[in-house]
Amino acid sequence: MTNLDQDWPEPIVRVQSLSESGCPVIPARYIKPPTDRPTASAAAFDAVNIPIIDVHGFCLDQDEALRDTILRQVSDACRNWGFFQIINHGIRAELLDDIRQGWHDFFQLPVEIKQGYANNPRTYEGYGSRLGVQKGAILDWSDYFFLHYLPPHLKDHNKWPAAPPCLRELIEEYGEEVVKLGGRLLKLLSLNLGLQEGYLRNAFGGEDVGACLRVNYYPKCPQPELTLGLSSHSDPGGLTLLLPDDQVAGLQVRNDHKWITVKPAPHAIIVNVGDQVQVLSNAIYRSVEHRVIVNSKKERVSLAFFYNPKSDIPIEPAKELITQDKPALYSPMTFDEYRLFIRMRGPQGKSQVESLKSPR
(Lines give C-alpha, C1' and ligand atoms only; values in the text may rest on other atoms or scores of the structure.)
Protein backbone atom coordinates (compact mmCIF):
# COMPACT_ATOMS: atom_id res chain seq x y z
CA MET A 1 0.00 0.00 0.00
CA THR A 2 1.24 3.51 -0.79
CA ASN A 3 2.71 5.43 2.13
CA LEU A 4 0.75 8.62 2.68
CA ASP A 5 3.59 10.11 4.75
CA GLN A 6 5.31 10.93 1.48
CA ASP A 7 4.82 14.15 -0.45
CA TRP A 8 3.24 14.37 -3.90
CA PRO A 9 4.91 11.96 -6.36
CA GLU A 10 5.77 14.73 -8.83
CA PRO A 11 6.26 18.52 -8.61
CA ILE A 12 2.91 20.30 -8.35
CA VAL A 13 1.91 22.53 -11.26
CA ARG A 14 -0.92 24.99 -10.70
CA VAL A 15 -3.48 24.63 -13.48
CA GLN A 16 -4.38 28.31 -13.19
CA SER A 17 -0.79 29.19 -14.12
CA LEU A 18 -1.00 26.93 -17.19
CA SER A 19 -4.24 28.62 -18.21
CA GLU A 20 -2.85 32.11 -17.73
CA SER A 21 0.35 31.33 -19.66
CA GLY A 22 -1.60 31.62 -22.92
CA CYS A 23 -0.25 28.33 -24.27
CA PRO A 24 -2.61 27.08 -27.05
CA VAL A 25 -2.14 23.39 -26.18
CA ILE A 26 -2.46 21.58 -22.85
CA PRO A 27 0.36 19.39 -21.50
CA ALA A 28 0.07 15.65 -22.19
CA ARG A 29 -0.46 15.00 -18.47
CA TYR A 30 -3.99 16.48 -18.78
CA ILE A 31 -5.12 14.72 -21.95
CA LYS A 32 -7.70 12.04 -21.15
CA PRO A 33 -8.02 8.74 -23.04
CA PRO A 34 -10.51 9.09 -25.92
CA THR A 35 -13.19 7.11 -24.04
CA ASP A 36 -13.10 9.60 -21.13
CA ARG A 37 -13.21 12.83 -23.11
CA PRO A 38 -16.32 15.03 -23.36
CA THR A 39 -18.28 14.23 -26.49
CA ALA A 40 -20.20 16.50 -28.82
CA SER A 41 -23.15 14.10 -28.62
CA ALA A 42 -23.82 15.32 -25.08
CA ALA A 43 -25.40 18.41 -26.63
CA ALA A 44 -28.30 16.22 -27.74
CA PHE A 45 -29.42 15.97 -24.11
CA ASP A 46 -29.37 19.68 -23.35
CA ALA A 47 -33.13 19.68 -22.80
CA VAL A 48 -32.75 17.20 -19.90
CA ASN A 49 -31.95 18.33 -16.36
CA ILE A 50 -31.75 16.76 -12.93
CA PRO A 51 -34.91 17.23 -10.79
CA ILE A 52 -35.49 20.62 -9.18
CA ILE A 53 -37.36 20.32 -5.85
CA ASP A 54 -38.84 23.15 -3.80
CA VAL A 55 -38.30 22.03 -0.17
CA HIS A 56 -39.87 25.09 1.47
CA GLY A 57 -42.96 23.16 2.60
CA PHE A 58 -40.89 20.50 4.31
CA CYS A 59 -38.92 23.08 6.24
CA LEU A 60 -42.14 24.67 7.50
CA ASP A 61 -43.39 21.26 8.65
CA GLN A 62 -47.03 22.34 8.24
CA ASP A 63 -48.92 21.15 5.16
CA GLU A 64 -49.05 17.35 5.18
CA ALA A 65 -49.97 17.01 1.50
CA LEU A 66 -47.12 19.32 0.47
CA ARG A 67 -44.76 17.42 2.74
CA ASP A 68 -45.77 14.12 1.14
CA THR A 69 -45.19 15.59 -2.32
CA ILE A 70 -41.68 16.68 -1.35
CA LEU A 71 -40.93 13.27 0.15
CA ARG A 72 -42.06 11.57 -3.04
CA GLN A 73 -40.03 13.91 -5.26
CA VAL A 74 -36.88 13.36 -3.21
CA SER A 75 -37.43 9.59 -3.20
CA ASP A 76 -37.83 9.51 -6.98
CA ALA A 77 -34.73 11.65 -7.45
CA CYS A 78 -32.60 9.47 -5.16
CA ARG A 79 -33.73 6.25 -6.86
CA ASN A 80 -33.62 7.43 -10.47
CA TRP A 81 -30.90 10.06 -10.50
CA GLY A 82 -28.84 10.10 -7.31
CA PHE A 83 -28.86 13.89 -7.84
CA PHE A 84 -31.35 16.73 -7.42
CA GLN A 85 -31.42 20.50 -6.98
CA ILE A 86 -33.22 22.09 -4.05
CA ILE A 87 -34.63 25.62 -4.00
CA ASN A 88 -36.18 27.55 -1.10
CA HIS A 89 -33.80 25.62 1.15
CA GLY A 90 -33.52 28.35 3.78
CA ILE A 91 -29.98 29.61 3.08
CA ARG A 92 -29.87 33.32 2.27
CA ALA A 93 -29.22 34.14 -1.38
CA GLU A 94 -26.84 36.94 -0.31
CA LEU A 95 -24.72 34.47 1.65
CA LEU A 96 -24.50 32.17 -1.37
CA ASP A 97 -23.44 35.05 -3.63
CA ASP A 98 -20.94 36.42 -1.11
CA ILE A 99 -19.15 33.17 -0.38
CA ARG A 100 -18.91 32.24 -4.05
CA GLN A 101 -17.47 35.68 -4.83
CA GLY A 102 -15.10 35.48 -1.87
CA TRP A 103 -13.61 32.23 -3.11
CA HIS A 104 -13.38 33.58 -6.66
CA ASP A 105 -11.38 36.49 -5.26
CA PHE A 106 -9.10 34.10 -3.36
CA PHE A 107 -8.13 32.30 -6.55
CA GLN A 108 -7.27 35.66 -8.14
CA LEU A 109 -4.69 36.40 -5.44
CA PRO A 110 -0.96 36.27 -6.31
CA VAL A 111 0.31 32.69 -6.45
CA GLU A 112 2.83 33.28 -3.65
CA ILE A 113 -0.03 34.05 -1.22
CA LYS A 114 -1.95 30.92 -2.24
CA GLN A 115 1.25 28.84 -2.01
CA GLY A 116 1.29 29.61 1.70
CA TYR A 117 -1.66 27.21 1.97
CA ALA A 118 -0.20 24.44 -0.24
CA ASN A 119 -1.47 21.00 0.75
CA ASN A 120 -0.01 17.48 0.93
CA PRO A 121 -1.39 13.94 0.50
CA ARG A 122 -1.62 13.29 4.25
CA THR A 123 -4.67 15.49 4.80
CA TYR A 124 -5.41 17.27 1.48
CA GLU A 125 -6.12 20.33 3.63
CA GLY A 126 -5.26 23.56 1.87
CA TYR A 127 -4.52 24.68 -1.68
CA GLY A 128 -4.19 21.77 -4.10
CA SER A 129 -4.03 20.78 -7.74
CA ARG A 130 -4.32 17.00 -7.80
CA LEU A 131 -6.25 14.16 -6.15
CA GLY A 132 -4.69 10.74 -5.59
CA VAL A 133 -1.01 9.88 -5.20
CA GLN A 134 -0.44 7.58 -8.15
CA LYS A 135 2.77 8.53 -9.94
CA GLY A 136 2.25 9.32 -13.61
CA ALA A 137 -1.54 9.68 -13.27
CA ILE A 138 -3.44 11.71 -15.87
CA LEU A 139 -4.42 14.91 -14.07
CA ASP A 140 -7.58 17.04 -14.03
CA TRP A 141 -7.80 20.63 -15.26
CA SER A 142 -8.53 22.25 -11.89
CA ASP A 143 -7.13 23.69 -8.68
CA TYR A 144 -8.95 23.51 -5.35
CA PHE A 145 -8.94 24.45 -1.68
CA PHE A 146 -9.93 21.82 0.89
CA LEU A 147 -10.73 22.48 4.54
CA HIS A 148 -12.29 20.73 7.54
CA TYR A 149 -15.41 22.13 9.20
CA LEU A 150 -16.43 19.30 11.56
CA PRO A 151 -15.61 17.72 13.97
CA PRO A 152 -14.53 20.86 15.86
CA HIS A 153 -11.09 19.51 16.78
CA LEU A 154 -10.17 19.32 13.08
CA LYS A 155 -11.37 22.85 12.32
CA ASP A 156 -8.44 25.26 12.18
CA HIS A 157 -9.22 28.82 11.13
CA ASN A 158 -5.51 29.50 10.69
CA LYS A 159 -5.50 27.05 7.78
CA TRP A 160 -8.37 28.90 6.12
CA PRO A 161 -7.55 31.80 3.77
CA ALA A 162 -6.91 35.08 5.58
CA ALA A 163 -7.70 36.98 2.37
CA PRO A 164 -9.92 38.31 1.01
CA PRO A 165 -11.27 39.96 4.19
CA CYS A 166 -14.34 38.30 5.75
CA LEU A 167 -13.83 34.99 3.88
CA ARG A 168 -13.24 33.10 7.12
CA GLU A 169 -16.43 34.54 8.60
CA LEU A 170 -18.36 33.63 5.44
CA ILE A 171 -17.05 30.04 5.56
CA GLU A 172 -18.12 29.75 9.19
CA GLU A 173 -21.64 31.05 8.53
CA TYR A 174 -22.07 29.00 5.36
CA GLY A 175 -20.83 25.84 7.07
CA GLU A 176 -23.31 26.27 9.91
CA GLU A 177 -26.20 26.65 7.47
CA VAL A 178 -25.20 23.72 5.26
CA VAL A 179 -24.72 21.38 8.24
CA LYS A 180 -28.28 22.17 9.35
CA LEU A 181 -29.52 21.55 5.81
CA GLY A 182 -27.66 18.23 5.64
CA GLY A 183 -29.39 17.07 8.83
CA ARG A 184 -32.81 17.94 7.41
CA LEU A 185 -32.04 16.07 4.20
CA LEU A 186 -31.00 12.93 6.10
CA LYS A 187 -34.36 13.07 7.85
CA LEU A 188 -36.09 13.13 4.45
CA LEU A 189 -34.05 10.20 3.16
CA SER A 190 -34.65 8.15 6.31
CA LEU A 191 -38.42 8.58 6.07
CA ASN A 192 -38.38 7.62 2.40
CA LEU A 193 -36.49 4.41 3.21
CA GLY A 194 -39.15 3.47 5.75
CA LEU A 195 -36.77 4.07 8.66
CA GLN A 196 -37.16 6.21 11.77
CA GLU A 197 -36.58 9.83 10.77
CA GLY A 198 -33.38 10.02 12.83
CA TYR A 199 -31.91 6.75 11.58
CA LEU A 200 -29.39 8.01 9.02
CA ARG A 201 -28.29 10.94 11.16
CA ASN A 202 -27.68 8.59 14.08
CA ALA A 203 -25.81 6.20 11.79
CA PHE A 204 -23.64 9.17 10.78
CA GLY A 205 -22.83 9.84 14.45
CA GLY A 206 -25.72 12.06 15.59
CA GLU A 207 -24.29 15.44 16.64
CA ASP A 208 -20.79 14.13 15.98
CA VAL A 209 -20.76 14.10 12.16
CA GLY A 210 -17.94 15.03 9.84
CA ALA A 211 -18.08 17.91 7.37
CA CYS A 212 -15.56 19.41 4.99
CA LEU A 213 -15.49 21.81 2.07
CA ARG A 214 -13.71 21.57 -1.26
CA VAL A 215 -13.80 24.71 -3.37
CA ASN A 216 -13.11 23.89 -7.00
CA TYR A 217 -11.52 26.35 -9.42
CA TYR A 218 -11.74 25.43 -13.10
CA PRO A 219 -9.62 27.82 -15.20
CA LYS A 220 -10.17 28.49 -18.88
CA CYS A 221 -8.82 25.66 -21.01
CA PRO A 222 -7.48 26.03 -24.59
CA GLN A 223 -8.48 22.44 -25.49
CA PRO A 224 -11.54 21.57 -23.40
CA GLU A 225 -12.45 18.68 -25.69
CA LEU A 226 -9.33 16.76 -24.53
CA THR A 227 -9.59 16.97 -20.76
CA LEU A 228 -11.89 17.20 -17.72
CA GLY A 229 -12.06 19.54 -14.76
CA LEU A 230 -12.79 16.55 -12.54
CA SER A 231 -12.69 12.93 -13.66
CA SER A 232 -15.70 10.66 -13.41
CA HIS A 233 -16.32 9.45 -9.85
CA SER A 234 -18.95 8.89 -7.21
CA ASP A 235 -18.53 10.80 -3.95
CA PRO A 236 -17.06 8.68 -1.16
CA GLY A 237 -18.90 10.40 1.70
CA GLY A 238 -22.49 10.66 2.88
CA LEU A 239 -24.23 13.56 1.14
CA THR A 240 -22.69 16.26 -1.02
CA LEU A 241 -24.27 19.72 -1.08
CA LEU A 242 -22.87 21.68 -4.01
CA LEU A 243 -23.11 25.41 -4.58
CA PRO A 244 -22.49 25.60 -8.34
CA ASP A 245 -21.56 28.49 -10.56
CA ASP A 246 -25.08 29.31 -11.73
CA GLN A 247 -23.77 31.29 -14.71
CA VAL A 248 -21.47 28.62 -16.20
CA ALA A 249 -22.56 24.98 -16.55
CA GLY A 250 -19.93 22.31 -16.02
CA LEU A 251 -21.23 19.46 -13.86
CA GLN A 252 -22.28 16.35 -15.79
CA VAL A 253 -24.24 13.46 -14.27
CA ARG A 254 -24.37 9.96 -15.71
CA ASN A 255 -27.94 8.82 -16.26
CA ASP A 256 -29.08 5.91 -18.39
CA HIS A 257 -25.55 5.61 -19.84
CA LYS A 258 -25.63 9.24 -21.01
CA TRP A 259 -23.84 12.30 -19.68
CA ILE A 260 -26.35 15.01 -18.74
CA THR A 261 -25.06 18.56 -18.26
CA VAL A 262 -26.69 20.04 -15.17
CA LYS A 263 -28.31 23.43 -15.63
CA PRO A 264 -28.17 25.10 -12.20
CA ALA A 265 -31.22 26.98 -10.98
CA PRO A 266 -30.47 30.40 -9.42
CA HIS A 267 -29.38 30.03 -5.78
CA ALA A 268 -30.12 26.31 -5.81
CA ILE A 269 -28.08 23.75 -3.88
CA ILE A 270 -27.30 20.56 -5.82
CA VAL A 271 -27.55 17.45 -3.63
CA ASN A 272 -26.13 14.06 -4.43
CA VAL A 273 -26.04 10.69 -2.69
CA GLY A 274 -22.57 9.54 -1.62
CA ASP A 275 -21.15 6.03 -1.29
CA GLN A 276 -21.87 5.87 2.46
CA VAL A 277 -25.61 6.41 1.91
CA GLN A 278 -25.52 3.74 -0.81
CA VAL A 279 -24.07 1.34 1.77
CA LEU A 280 -26.50 2.33 4.55
CA SER A 281 -29.50 2.00 2.21
CA ASN A 282 -28.22 -1.36 0.92
CA ALA A 283 -28.09 0.19 -2.57
CA ILE A 284 -31.74 1.32 -2.62
CA TYR A 285 -30.20 4.75 -3.07
CA ARG A 286 -27.10 4.74 -5.24
CA SER A 287 -24.25 7.17 -5.57
CA VAL A 288 -23.92 8.19 -9.19
CA GLU A 289 -20.97 8.90 -11.44
CA HIS A 290 -20.43 12.53 -12.26
CA ARG A 291 -17.67 14.64 -13.76
CA VAL A 292 -16.89 18.24 -14.65
CA ILE A 293 -16.23 19.63 -18.12
CA VAL A 294 -14.26 22.84 -18.74
CA ASN A 295 -14.45 25.46 -21.45
CA SER A 296 -12.19 27.85 -23.30
CA LYS A 297 -14.06 31.08 -22.58
CA LYS A 298 -15.03 31.07 -18.91
CA GLU A 299 -13.59 30.03 -15.59
CA ARG A 300 -15.81 28.46 -12.91
CA VAL A 301 -15.89 28.25 -9.12
CA SER A 302 -18.03 25.75 -7.21
CA LEU A 303 -18.26 24.80 -3.53
CA ALA A 304 -18.71 21.11 -2.66
CA PHE A 305 -19.68 20.63 0.99
CA PHE A 306 -19.35 17.02 2.13
CA TYR A 307 -21.65 15.93 4.97
CA ASN A 308 -20.10 12.69 6.21
CA PRO A 309 -20.35 10.01 8.87
CA LYS A 310 -18.10 10.24 11.93
CA SER A 311 -14.82 8.81 10.72
CA ASP A 312 -14.52 5.82 13.08
CA ILE A 313 -18.09 4.42 13.05
CA PRO A 314 -18.51 1.20 11.03
CA ILE A 315 -20.95 1.85 8.19
CA GLU A 316 -23.10 -1.07 7.03
CA PRO A 317 -26.58 -1.63 5.57
CA ALA A 318 -29.50 -0.82 7.88
CA LYS A 319 -30.78 -4.09 9.35
CA GLU A 320 -34.36 -3.00 8.55
CA LEU A 321 -33.47 -3.02 4.85
CA ILE A 322 -31.99 -6.53 4.81
CA THR A 323 -34.28 -9.35 3.72
CA GLN A 324 -33.90 -12.92 2.55
CA ASP A 325 -34.38 -11.70 -1.01
CA LYS A 326 -31.94 -8.83 -0.53
CA PRO A 327 -29.15 -9.71 1.90
CA ALA A 328 -26.58 -7.15 3.04
CA LEU A 329 -24.49 -6.12 0.04
CA TYR A 330 -21.62 -4.62 2.05
CA SER A 331 -19.48 -5.55 5.02
CA PRO A 332 -18.91 -2.95 7.75
CA MET A 333 -16.17 -0.39 7.06
CA THR A 334 -15.42 2.90 8.77
CA PHE A 335 -15.36 6.08 6.71
CA ASP A 336 -11.68 6.53 7.64
CA GLU A 337 -10.87 3.14 6.11
CA TYR A 338 -12.89 3.90 3.00
CA ARG A 339 -11.37 7.37 2.61
CA LEU A 340 -7.86 5.91 2.75
CA PHE A 341 -8.85 3.37 0.10
CA ILE A 342 -10.06 6.19 -2.18
CA ARG A 343 -7.12 8.48 -1.48
CA MET A 344 -4.67 5.94 -2.84
CA ARG A 345 -6.34 5.84 -6.21
CA GLY A 346 -8.00 9.19 -6.97
CA PRO A 347 -11.31 9.48 -8.90
CA GLN A 348 -12.17 6.19 -10.63
CA GLY A 349 -15.82 6.11 -11.62
CA LYS A 350 -18.03 3.78 -9.60
CA SER A 351 -15.35 1.11 -9.29
CA GLN A 352 -14.51 2.00 -5.69
CA VAL A 353 -17.78 1.27 -3.90
CA GLU A 354 -18.72 -1.55 -6.29
CA SER A 355 -15.49 -3.37 -5.45
CA LEU A 356 -16.53 -3.53 -1.79
CA LYS A 357 -19.67 -5.57 -2.32
CA SER A 358 -19.76 -8.70 -0.19
CA PRO A 359 -19.29 -11.95 -2.11
CA ARG A 360 -22.65 -13.65 -2.69
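Remember, it's a predicted structure, so these values are computed and weren't measured experimentally.
Taking the six-membered ring where tryptophan is involved, the planes of His233 and His290 are tilted, since the angle between them lies from 30° to 60°.
Under the side-chain hydrogen bond (donor to acceptor under 3.5 Å, both in side chains) criterion, Arg300 pairs with no residue at all, not counting sequence neighbours. For Lys298, there are no side-chain hydrogen bond (donor to acceptor under 3.5 Å, both in side chains) partners at least two apart in sequence or on another chain. Not counting sequence neighbours, Ser281 has no partner by the side-chain hydrogen bond (donor to acceptor under 3.5 Å, both in side chains) test. The side-chain hydrogen bond (donor to acceptor under 3.5 Å, both in side chains) search around Ser302 returns Asn216, not counting sequence neighbours. Evaluation of the side-chain contact (heavy atoms from CB on, under 4.5 Å) rule for Asp312 yields Lys310 as partners, not counting sequence neighbours.
Hydrophobic side-chain contacts under 4.5 Å tie Ile293 into a cluster, directly or through other members, with Leu228. Here Val25 is tied to no hydrophobic group at all, with no ILVMFWY side chain closer than 4.5 Å. Hydrophobic cluster membership of Ile138, counting Ile, Leu, Val, Met, Phe, Trp and Tyr whose side-chain heavy atoms lie under 4.5 Å apart directly or via other members: none, as it forms a cluster of its own.
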Got a list of side-chain donor-acceptor pairs under 3.5 Å for residues 191-206, not counting sequence neighbours?
{"unit_1": "Asn192", "atom_1": "ND2", "unit_2": "Leu71", "atom_2": "O", "d": "2.9"}
{"unit_1": "Arg201", "atom_1": "NE", "unit_2": "Tyr307", "atom_2": "OH", "d": "3.4"}
{"unit_1": "Asn202", "atom_1": "ND2", "unit_2": "Gly198", "atom_2": "O", "d": "3.1"}

Pairs of donor and acceptor atoms involving the side chains of residues 74-81, under 3.5 Å and at least two apart or interchain, shall be tabulated with distances.
{"unit_1": "Ser75", "atom_1": "OG", "unit_2": "Arg79", "atom_2": "NE", "d": "3.2"}
{"unit_1": "Asn80", "atom_1": "ND2", "unit_2": "Asp76", "atom_2": "O", "d": "3.1"}

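For Asn295 (side chain) and Lys297 (main-chain N/O), a donor-acceptor pair under 3.5 Å exists by modelled atom type. Panel note: side chain Ser142, backbone Gly229; a donor-acceptor pair is recorded below 3.5 Å.
Counted within 6.0 Å of CD on Glu20, heavy atoms from surrounding residues, nucleotides or ligands total more than 12; the atom is thus considered enclosed.
Within the structure, the side chain to side chain donor-acceptor pair (under 3.5 Å) test picks out the following pairs touching residues 162-175 (sequence neighbours left out): Arg92-Glu173, Tyr149-Glu172, Lys155-Glu172, His157-Glu172. Counting only residues at least two apart or on different chains, no ring-ring contact (aromatic ring centres under 6.0 Å, His included) pair has a member in residues 234-258.
A salt bridge between Asp246 and Arg100 is present, with a side-chain N of the basic residue lying under 4.0 Å from a carboxylate O of the acidic one. Look at Glu177 and Lys180 and you find a salt bridge, because one of the NZ, NE, NH1 or NH2 atoms lies within 4.0 Å of a carboxylate O, short of that distance.
The shortest non-hydrogen separation linking Val48 to Lys263 is O-NZ, 2.7 Å. Lys326 and Leu329 get closest at one heavy-atom pair: CE-CD1, 4.1 Å. The minimum heavy-atom distance between Pro264 and Asp245, with the atom names listed, is CG-O, 3.8 Å.
Under the 3.5 Å distance criterion, with hydrogens and angles disregarded, no donor-acceptor pair is assigned to the side chains of Glu289 and Ser234. Between the side chains of Tyr30 and Gln223, no donor-acceptor pair is found at a separation under 3.5 Å.
Taking the ring centroids of Trp103 and Tyr127, they lie at or beyond the 6.0 Å cut-off.
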